[in-house]
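Contents: one structure, followed by commentary.
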Amino acid sequence: FFPPSDALIYEEGAPDFSVIGERLATLHALVEGRNGVVVAPVHASLRRTMPRETLTRSYASVKVGDELDLDRFAELLVSMGYEHTEVVDRHGEFARRGGLVDVYASNEEYPIRIELFGDEVESIRHFDGASQRSVDKIPSVLILPSREVIIDGDNSRKAAARIRKELEAQAKSLIEAGDSDSAKRLSDKIEDDIQRIENLAYFDEVDYYLPYLHPDETSLFDYMPSDA
């Protein structure tokens, strides 16, 4: 099932990561060429998402027995929108302590604990975030991006310029209409978001700016095989 994600765009606050994870899991399955039936409402199918080539290079696959460079793994997670915290509390976060890495992947119901012996992955398990107790052991895990957008140096600069240009036009219109207070509130809010995007920082409402960060108008149909 490919769910709609309109709430991610029009509501403030933390996004619904279960929706993000389900959408990205479907898109990744299509990228890998898996056979199956995709059930999707029309508005979910038409909703913009990240380009296929972006998702193709923006995931992590880890299995028991792999050698894992924790520094590079952490850098990859950050580039996929994960936030480094002391303890994982919600989707989109990861924590690192010695030879342990906890990741709360967008496409997983429970957080994941990856345990290393030296540079080798010794075990992977789901655990309960409240009790910290293991739920089950798994042989491998796929970690998809925490959001439906990926911010990098190139698209952040272009997106920031486009957003700032539109902001200036909207603020000017409000001022000309005699609503300077609204113009200031809008400018303050959007300028904060622009600075975060320029700093490659993810935040709760970053998906609102998907059309600026990924202007290619990619949808579910762009992931479908030609013979679908």
Side-chain angles (χ1 to χ4, degrees), residues 1-61 76-83 91-92 104-109 142-167 169-170 190 193-194 196-198 200-228:
F1 180 65
F2 191 70
S5 58
D6 293 341
L8 299 180
I9 297 299
Y10 300 114
E11 294 180 4
E12 293 186 356
D16 187 338
F17 286 100
S18 64
V19 171
I20 294 175
E22 198 165 2
R23 285 173 61 87
L24 290 176
T26 300
L27 296 176
H28 187 266
L30 291 170
V31 166
E32 290 201 323
R34 298 182 200 169
N35 294 323
V37 176
V38 178
V39 178
V42 173
H43 57 298
S45 304
L46 297 176
R47 164 79 163 83
R48 286 187 179 186
T49 188
M50 69 175 65
R52 182 187 183 107
E53 59 271 18
T54 301
L55 181 58
T56 300
R57 64 174 184 268
S58 303
Y59 71 92
S61 180
L76 175 60
L77 291 174
V78 170
S79 74
M80 290 162 53
Y82 286 85
E83 180 184 359
H91 289 89
Y104 210 150
S106 63
N107 54 307
E108 291 284 347
E109 180 180 0
L142 172 69
I143 302 172
L144 296 175
S146 72
R147 316 284 179 151
E148 278 193 75
V149 299
I150 293 293
I151 306 176
D152 59 38
D154 184 47
N155 71 358
S156 67
R157 289 188 295 271
K158 293 178 181 178
R162 290 183 59 203
I163 297 167
R164 187 170 281 120
K165 182 178 180 179
E166 292 189 16
L167 170 62
Q170 291 184 30
I190 303 302
D193 292 347
I194 292 173
R196 291 172 183 170
I197 290 171
E198 289 177 327
L200 310 185
Y202 291 80
F203 50 99
D204 283 340
E205 293 85 17
V206 69
D207 289 87
Y208 179 84
Y209 298 102
L210 187 149
Y212 301 91
L213 290 161
H214 300 304
D216 300 330
E217 299 188 5
T218 301
S219 72
L220 171 66
F221 295 108
D222 295 289
Y223 281 80
M224 292 291 189
S226 57
D227 59 349

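When reading the values below, keep in mind they use all heavy atoms of this one structure, side chains included, and skip hydrogens, waters and symmetry mates.
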Got a donor-acceptor contact below 3.5 angstrom from the [X] side chain to the [Y] backbone?
{"X": "S146", "Y": "G81", "result": "yes"}
{"X": "Y202", "Y": "S79", "result": "yes"}
{"X": "D222", "Y": "R52", "result": "no"}
{"X": "S106", "Y": "P145", "result": "yes"}

Kindly indicate whether the side chain of [X], heavy atoms from C-beta on, has any atom under 4.5 Å from the side chain of [Y].
{"X": "T49", "Y": "Y223", "answer": "yes"}
{"X": "F1", "Y": "T26", "answer": "no"}
{"X": "L220", "Y": "L30", "answer": "yes"}
{"X": "P15", "Y": "E148", "answer": "no"}
{"X": "D152", "Y": "N155", "answer": "yes"}
{"X": "D193", "Y": "I163", "answer": "no"}
{"X": "I190", "Y": "Y209", "answer": "yes"}

Any Lys/Arg nitrogen of R147 or D204 sitting under 4.0 Å from an Asp/Glu carboxylate oxygen of the other?
yes
Looking at S156 and L200, what are the two nearest heavy atoms and their distance?
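Smallest interatomic distance, heavy atoms only, reads OG-CD2, 3.4 Å.
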Considering all heavy atoms of both residues, which atom of P41 and which atom of P4 are nearest to each other, and what is their separation?
CG-CD, 4.1 Å
Check the orientation of F17 and H91. Use parallel for under 30°, tilted for 30 to 60°, and perpendicular for over 60°.
parallel
Which pairs would a plain distance check flag for residues 211-218, meaning a side-chain donor or acceptor within less than 3.5 Å of a matching protein atom at least two apart in sequence or in another chain?
residue	atom	partner	partner atom	Å
Y212	OH	E166	OE1	2.7
H214	NE2	I150	N	3.1
E217	OE2	R48	NH2	3.1

Which residues satisfy the salt bridge (charged side-chain N to carboxylate O under 4.0 Å, His left out) test with E22, sequence neighbours excluded?
none
Verify the neighbour count for atom CZ of F203: are there more than 12 heavy atoms of other residues, nucleotides or ligands below 6.0 Å?
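Yes, because the 6.0 Å sphere around CZ of F203 holds more than 12 heavy atoms from other groups.
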